[in-house]
Amino acid sequence: MNIPTCEQELLERVQNLAGLTLGEVACDANIEIPLDLKRNKGWIGLLLEHVLGAGASSRPEPDFPSLGIELKTLPINSQGKPLETTFVCVAPLTGLVGINWQNCWLKQKLSTVLWVPIICDTPDKKNIPLAERRIGSAFLWSPSVEEEQLLALDWQELTDMIVLGEVEKIHGKHGQVLQLRPKAANAQAKTQAFDKNGKPFLTLPRGFYLKIPFTQAILNKNLRIN
DNA sequence: TGTTGATCATGT
DNA sequence: ACATGATCAACA
């Protein structure tokens, strides 16, 4: 798929996917469907990037650089509740001098997001097989003043702890809307950080994730009729 | 090793 | 039932 030339074209493409199953979309794109996501956790995101015309996914840029839009799939149940937290970006543990909310990576990443809900559960909460899950109504979102304030507060709290050498004291419960959790191949992975005395040490890489109630609120504000 | 894409699966 | 901590794959 070629790159969409404007926001409207991207929105039309993604709206045309609403109601389709992942099996239908993958089949049209000649992409094989895994039986489940156990060994393909990012498969849905990669599929959507492909059919919407995003470039390779391994770049430190928005998915649609010319449009400044980040694509995020959001697994939800049939009642519109997100089933997982949403990964945003890796948390820098070094080089934080001079970084503030206005110039931080997380703010840039969340500046404009195309959310694509994927319905993963039946009304009686049964898991739907991957190929039969349906794409919901996607929408474009930018943080409201209130949402940005919440994000900025949490980002500042977590970043302050990192700067103070307290990264290993941070748990998923910190933050109202944002949390810091492991983001690594396994628990043995290491990246450099600084301790409270300013000495370098190795620790588990972490990432920023949006908590479920926050993405749920975003979704609820953007409910619309198909 | 770090970036992208995330969900798995166990403990509470 | 649910969130936290752990983990999977591809690519640069």
Side-chain angles (χ1 to χ4, degrees), chain A residues 14 22 25-26 29 31-65 69-79 81-95 104-106 108-110 113-131 133 135 138 154 158 167-193 200-216:
Chain A
V14 75
L22 296 179
V25 173
I31 292 174
E32 266 193 61
I33 293 204
L35 285 175
D36 55 51
L37 297 176
K38 286 182 185 176
R39 306 191 72 82
N40 286 275
K41 295 181 181 180
W43 184 81
I44 299 176
L46 296 176
L47 173 67
L48 268 291
E49 285 186 349
H50 180 82
V51 300
L52 292 174
S57 66
S58 306
R59 301 168 308 175
E61 291 185 308
D63 298 302
F64 301 95
I69 294 174
E70 177 75 15
L71 175 67
K72 291 225 161 284
T73 59
L74 184 63
I76 62 171
N77 64 18
S78 62
Q79 299 133 57
K81 179 184 175 179
L83 296 171
E84 296 285 350
T85 54
T86 302
F87 172 70
V88 182
C89 61
V90 167
L93 303 182
T94 60
C104 78
W105 193 4
L106 183 134
Q108 321 310 322
K109 284 286 245 183
L110 293 180
V113 177
L114 179 62
W115 293 100
V116 185
I118 308 291
I119 297 97
C120 299
D121 273 6
T122 58
D124 53 328
K125 301 196 172 186
K126 286 185 181 172
N127 190 275
I128 299 173
L130 182 58
R133 295 181 188 173
I135 299 172
D154 284 351
L158 295 167
V167 64
E168 295 194 329
K169 292 183 183 174
I170 301 175
H171 298 267
K173 67 176 186 178
H174 282 96
Q176 300 298 304
V177 299
L178 205 58
Q179 61 183 180
L180 195 73
R181 306 214 316 270
K183 168 60 173 170
N186 54 58
Q188 283 70 51
K190 297 289 179 217
T191 191
Q192 191 190 107
F201 74 107
L202 294 176
T203 190
L204 189 58
R206 327 282 166 125
F208 287 114
Y209 296 77
L210 298 177
K211 293 188 172 184
I212 288 175
F214 186 70
T215 47
Q216 179 159 23

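Numbers restart at 1 for each chain; the letters A, B, ... are given by sequence-line order, proteins then strands.
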Exercise for review: Tell whether A:Lys183 reaches the base of B:dG5 with its side chain through a donor-acceptor pair below 3.5 angstrom.
Suggested key: yes

Point to revise | Interatomic distance, A:Glu61 CD vs B:dG5 C1' [rounded to whole Å] | key: 16 Å

Exercise for review: Taking only the side-chain heavy atoms of A:Lys38 (C-beta and beyond), determine which of B:dC8, B:dT7, C:dT7 contains the nearest atom.
Suggested key: B:dC8

Review point. Quick one: does A:Tyr209 reach the base of B:dA6 with a side-chain donor-acceptor pair under 3.5 Å?
Key: yes

Exercise for review: State the OG1-CZ distance between A:Thr73 and A:Arg133, to the nearest 0.5 angstrom.
Suggested key: 11.0 Å

Check your understanding: When the nearest nucleotide of DNA chain B is assigned to A:Arg133 and to A:Val88 on a heavy-atom basis, which residue is associated with the more 5' position?
Key -> A:Val88

Point to revise | Neighbour count above 12 (heavy atom, 6.0 Å) for A:Leu202 CG | key: yes

**Study point:** Residue A:Lys211, side-chain heavy atoms: nucleotide from B:dA9, B:dA6, C:dT4 that is nearest
**Key:** C:dT4

Check your understanding: In terms of the nearest nucleotide of DNA chain B, which residue is placed more toward the 5' end: A:Thr85 or A:Lys190?
Key -> A:Lys190

Practice item. Just call it for A:Ala189: base, sugar-phosphate, or nothing, with non-hydrogen atoms closer than 4.0 Å on any strand. Key: nothing

Point to revise | Sugar-phosphate, base or nothing in reach of A:Ile212, heavy atoms under 4.0 Å | key: sugar-phosphate

Check your understanding: Over how many whole Å does the gap from A:Leu180 atom CG to C:dA6 atom P extend?
Key -> 13 Å

Review point. Under 6.0 Å from the CD atom of A:Glu32, do we count more than 12 heavy atoms belonging to anything else shown?
Key: no

Review point. Crowded around A:Gln176 CD? As in, over 12 foreign heavy atoms under 6.0 Å?
Key: no

Practice item. Report yes if at least one side-chain N or O of A:Lys109 is closer than 4.0 Å to OP1 or OP2 of B:dG5; otherwise report no. Key: yes

Practice item. Examine the base of C:dT7 for any acceptor or donor lying under 3.5 Å from a partner atom in the side chain of A:Lys41, and report the outcome as yes or no. Key: yes

Practice item. Using whole Å, report how far CZ of A:Arg181 lies from C1' of B:dC8. Key: 11 Å

Check your understanding: Checking all strands, does A:Pro75 fall into the base, sugar-phosphate, or nothing category for heavy-atom contacts under 4.0 angstrom?
Key -> sugar-phosphate

Revision key, fill the gap. Heavy-atom nearest nucleotide on DNA chain C taken for A:Glu84 and for A:Asn186; more 5' hit belongs to A:Glu84

Exercise for review: Quickly work out the A:Gln108 CD to B:dT4 C1' distance and round it to whole Å.
Suggested key: 18 Å

Check your understanding: Does A:Asp63 reach the main-chain N or O of A:Ala54 with its side chain, forming a donor-acceptor pair under 3.5 Å?
Key -> no

Review point. In whole angstroms, how far is the C1' atom of B:dT7 from the CG atom of A:Leu210?
Key: 15 Å

Revision key, fill the gap. Here the distance between atom P of C:dG5 and atom CZ of A:Arg206, to the nearest Å, is 9 Å

Practice item. Give a yes/no answer on whether the side chain of A:Thr73 brings an N or O atom under 4.0 Å of OP1 or OP2 in B:dA6. Key: yes

Practice item. Mark yes or no for whether A:Lys211, through its side chain, and A:Lys173, through its backbone, hold a donor-acceptor pair below 3.5 Å. Key: yes

Review point. Which is true for A:Arg39 with a 4.0 Å heavy-atom rule: it touches a base, it touches only sugar-phosphate, or it touches nothing?
Key: sugar-phosphate

Check your understanding: Which listed nucleotide (B:dT7, C:dC2, C:dC8) is nearest to the side chain of A:Leu37?
Key -> B:dT7

Exercise for review: Name the nucleic acid region contacted by A:Gly42, choosing base, sugar-phosphate or nothing; use a 4.0 angstrom heavy-atom cut-off, strictly under.
Suggested key: base

Study note, to complete from the structure: Paired with A:Pro62, the side-chain contact (heavy atoms from CB on, under 4.5 Å) test is passed by just one of A:Lys109, A:Glu70, A:Gln108, namely A:Glu70

Check your understanding: Taking the side chain of A:Glu70 as heavy atoms from C-beta outward, which of B:dT3, B:dG5, B:dT7 is closest to it?
Key -> B:dG5

Practice item. Name the closest nucleotide to the A:Ala187 side chain, picking from B:dA6, C:dA3, C:dA6. Key: C:dA6

**Study point:** Comparing A:Ala184 and A:Leu83 on DNA chain C - which has the more 5′ nearest nucleotide
**Key:** A:Leu83

Review point. Atom NE2 of A:His174 to atom C1' of C:dG5: distance rounded to whole Å?
Key: 15 Å

Review point. Given B:dT4, B:dT7, C:dG5, which nucleotide is nearest the side-chain atoms of A:His171?
Key: C:dG5

Practice item. Find the distance A:Asp63:CG to B:dG5:P and express it as a whole number of Å. Key: 5 Å

Review point. Reckon A:Gln179 has a side-chain N or O less than 4.0 Å from the OP1 or OP2 of C:dA3?
Key: no

